[in-house]
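Values reported hereafter were calculated over all heavy atoms of this structure, with side chains retained and with hydrogens, waters and symmetry mates removed.
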Amino acid sequence: MHHFHYRDNELYCEDVPIQKIAAEVGTPFYLYSHATLKRHFIIFNEAFEGIDRLVCYSAKANTNLALLKLFANLGGGLDIVSGGELYRGLKAGFSPDRIVYSGVGKRVDEIDYALNTDIMMFNVESLEELAVINQRAGLLAKQAPVAIRVNPDVDSGTHPYISTGLEKNKFGIDTKTAIEGYKVASRLENIDVVGIDCHIGSQITEAKPFEDALKSLERLITELKALGIEIRYLDMGGGLGITYDEESPPHPREYARAIIDSLKGLDLQLILEPGRVIVGNAGTLITRVLYRKAGPDKEFVITDAGMNDLMRPSLYKAFHAIQPVVKTAHTSIKADVVGPICESGDFLALDREIPDVKQGDLLAVMSAGAYGFTMSSNYCSRLRVPEVMAKDDRFYVVRARQTYEDLVAGETIPPFLID
């Protein structure tokens, strides 16, 4: 569910007409619904009512400080994958002991930053990383709390670029190696083994892959207990999908039941890392039609938002519904909705049936709250767009549009190039 809806053929975000925001902020821009963000987080958390759990929002989906602050205020934790996300999380008010650090390539400076911050735990993805964390913890006179990310070789049935649970993926350690890893970790002087971690992919639209992964983890936990290694935290990652087009992902309650049923008899705290399922349908990208062009074989709708603003269609051929902000046309066309980037791969939709829009019309690219702005870039020296949050009948710019001065900030011309 989301709070984008039509009133008299005009699209609103909560009680704010999107036309009004566009007139004041300009296009393109990202727009988020506060009510949707809050509702999604609460529903996800309450689905696990009755068990010891911590919902750690996956920052990589959308790292805007306003969103992070909302989830911190709701009592959430944070799943991070970089030192920058740790900085943002602390800035937004997350307690360090509710922050989990994932990712395959943690740098030494990032490890030190997390150790000095006293985060909840590291999700370790290789034995070499484990050795480095142990070394850095020793130098800093710290005990590093760790979980090992176990790869259960489960096919999540999602796009290969966002599948992470197969043995051929770069993530995690296979089950057999993980046993040896836990034995090694339990003997390291500066390591405190506290958990086990698993993340099988993103945009997963059925519960069974999670159940399969849990069965593998249960067996591993039993083996570890026999070795005298007690696990306090089970981190199940995230990955629950949303509806972009015709997908029917399980409701969080169904997803929760599948996990809770598999946890019976295990005395541990469950860590969950939802990202897309919380923010995906809570955001949209608003863009304006610049031109219409009819080619010999195709009709093109050219907009002021491109692949640098929303990468997912070009990268994954991902589907995003496209709706007019004001419904005026009674006929439709089949067209490619494309951006201004000098790449044939710059598109928001291909061969899409859309209303017969004209120059100047506003379009809403739906379900863009996750992996939208966070994956955007300055390609072609285009300005990164503003982010706006609507609450009730007001809106707030939560990130300003970049300026041309921002584009060159930090760049210098060396003296030998200056006359």
Side-chain angles (χ1 to χ4, degrees), residues 52-54 56 58-59 77-83 85-86 89-90 94-152 164-165 170-200 213 216-218 220-238 266-273:
D52 188 10
R53 83 281 189 193
L54 177 62
C56 292
S58 183
L78 192 67
D79 167 49
I80 62 167
V81 295
S82 72
E85 288 185 354
L86 174 56
L90 296 172
F94 285 96
S95 174
D97 63 2
R98 299 171 80 83
I99 296 177
V100 175
Y101 195 165
S102 305
V104 299
K106 306 175 185 73
R107 298 194 314 264
V108 166
D109 63 302
E110 294 175 312
I111 291 169
D112 289 355
Y113 183 20
L115 285 167
N116 284 322
T117 306
D118 293 325
I119 64 168
M120 181 180 187
M121 68 180 179
F122 294 87
N123 285 334
V124 174
E125 304 227 14
S126 68
L127 299 185
E128 287 195 2
E129 180 193 332
L130 178 65
V132 171
I133 292 175
N134 178 63
Q135 178 194 43
R136 301 310 302 176
L139 290 171
L140 296 172
K142 296 280 188 179
Q143 281 289 109
V146 304
I148 291 180
R149 178 169 176 173
V150 178
N151 192 328
T164 62
K170 72 177 181 180
F171 300 95
I173 301 171
D174 66 274
T175 305
K176 185 176 179 181
T177 307
I179 289 285
E180 296 307 309
Y182 274 103
K183 289 178 182 177
V184 170
S186 67
R187 294 192 296 265
L188 292 175
E189 187 177 351
N190 308 300
I191 295 294
D192 181 18
V193 178
V194 297
I196 188 168
D197 173 47
C198 172
H199 181 76
I200 58 174
S216 177
L217 294 181
E218 281 182 90
L220 183 55
I221 291 170
T222 301
E223 287 186 59
L224 292 175
K225 191 169 185 178
L227 294 170
I229 300 172
E230 293 286 344
I231 299 299
R232 304 205 305 267
Y233 305 118
L234 170 58
D235 188 336
M236 277 301 298
L266 295 177
D267 183 20
L268 39 72
Q269 183 179 38
L270 179 64
I271 309 296
L272 299 145
E273 298 170 354

For the residue pair [X] and [Y], what are the closest heavy atoms and their distance?
| X | Y | value |
| --- | --- | --- |
| L115 | A144 | CD2-CB, 3.7 Å |
| I196 | A147 | N-CB, 3.6 Å |
| C56 | I271 | SG-CG2, 3.9 Å |
| S216 | T175 | OG-OG1, 3.9 Å |
| I231 | L268 | O-CB, 4.1 Å |

Side chain to side chain contact (heavy atoms under 4.5 Å, CB included) evaluation trace for L86 with E110
CA-CA 9 Å; L86 174 56; E110 294 175 312; over 6 Å; no
[X] side, atom [atom1]; [Y] side, atom [atom2] - distance, nearest 0.5 Å:
| X | Y | atom1 | atom2 | answer |
| --- | --- | --- | --- | --- |
| L234 | D52 | CG | CG | 11.5 Å |
| L272 | R53 | CG | CZ | 9.0 Å |
| L220 | K225 | CG | NZ | 14.0 Å |
| I111 | N134 | CD1 | CG | 11.0 Å |
| F94 | I80 | CZ | CD1 | 11.0 Å |
| L54 | L78 | CG | CG | 10.0 Å |

Atom CG of residue position D267 - does it have more than 12 heavy atoms of other residues, nucleotides or ligands inside 6.0 Å?
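For D267, atom CG is not crowded (no more than 12 foreign heavy atoms under 6.0 Å).
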Give the C-alpha distance, both sets of side-chain angles, the deciding distance and a yes or no for side chain to side chain contact (heavy atoms under 4.5 Å, CB included) between E273 and N123.
CA-CA 12 Å; E273 298 170 354; N123 285 334; 3.6 Å; yes
Is D174 salt-bridged to K176, going by a charged N under 4.0 Å from an acidic O?
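No salt bridge links D174 with K176.
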Salt-bridge criterion met for D118 and K142 (N-O under 4.0 Å):
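So D118 pairs with K142 through a salt bridge.
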Hey, does [Y] have a side-chain heavy atom less than 4.5 Å from the side chain of [X]?
| X | Y | value |
| --- | --- | --- |
| I133 | L188 | no |
| L227 | I179 | yes |
| L90 | P96 | yes |

So T117 and Y101, side chain to side chain contact (heavy atoms under 4.5 Å, CB included) or not? Walk me through it.
CA-CA 12 Å; T117 306; Y101 195 165; over 6 Å; no
Ignoring hydrogens and angles, tell me if any N or O in the side chain of [X] forms a donor-acceptor pair with the backbone of [Y] under 3.5 Å.
| X | Y | result |
| --- | --- | --- |
| R149 | H199 | yes |
| D192 | P145 | no |
| E85 | V81 | yes |
| Y182 | I148 | yes |

Just one of M120, Q143, E230, M121 clears the side chain to side chain contact (heavy atoms under 4.5 Å, CB included) bar with V194, so which one?
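Only match with V194 under side chain to side chain contact (heavy atoms under 4.5 Å, CB included): M121.
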Examine K106 relative to F122 and say whether NZ or CZ is less than 6.0 Å from the centre of the six-membered ring and inside a 45° cone about the ring axis.
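Relative to the ring axis of F122, which defines the angle, K106 lies outside at least one limit.
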Using the side chain to side chain contact (heavy atoms under 4.5 Å, CB included) rule, take L140 and N190 through it: C-alpha gap first, then chi angles, then the decisive distance, then the call.
CA-CA 10 Å; L140 296 172; N190 308 300; over 6 Å; no
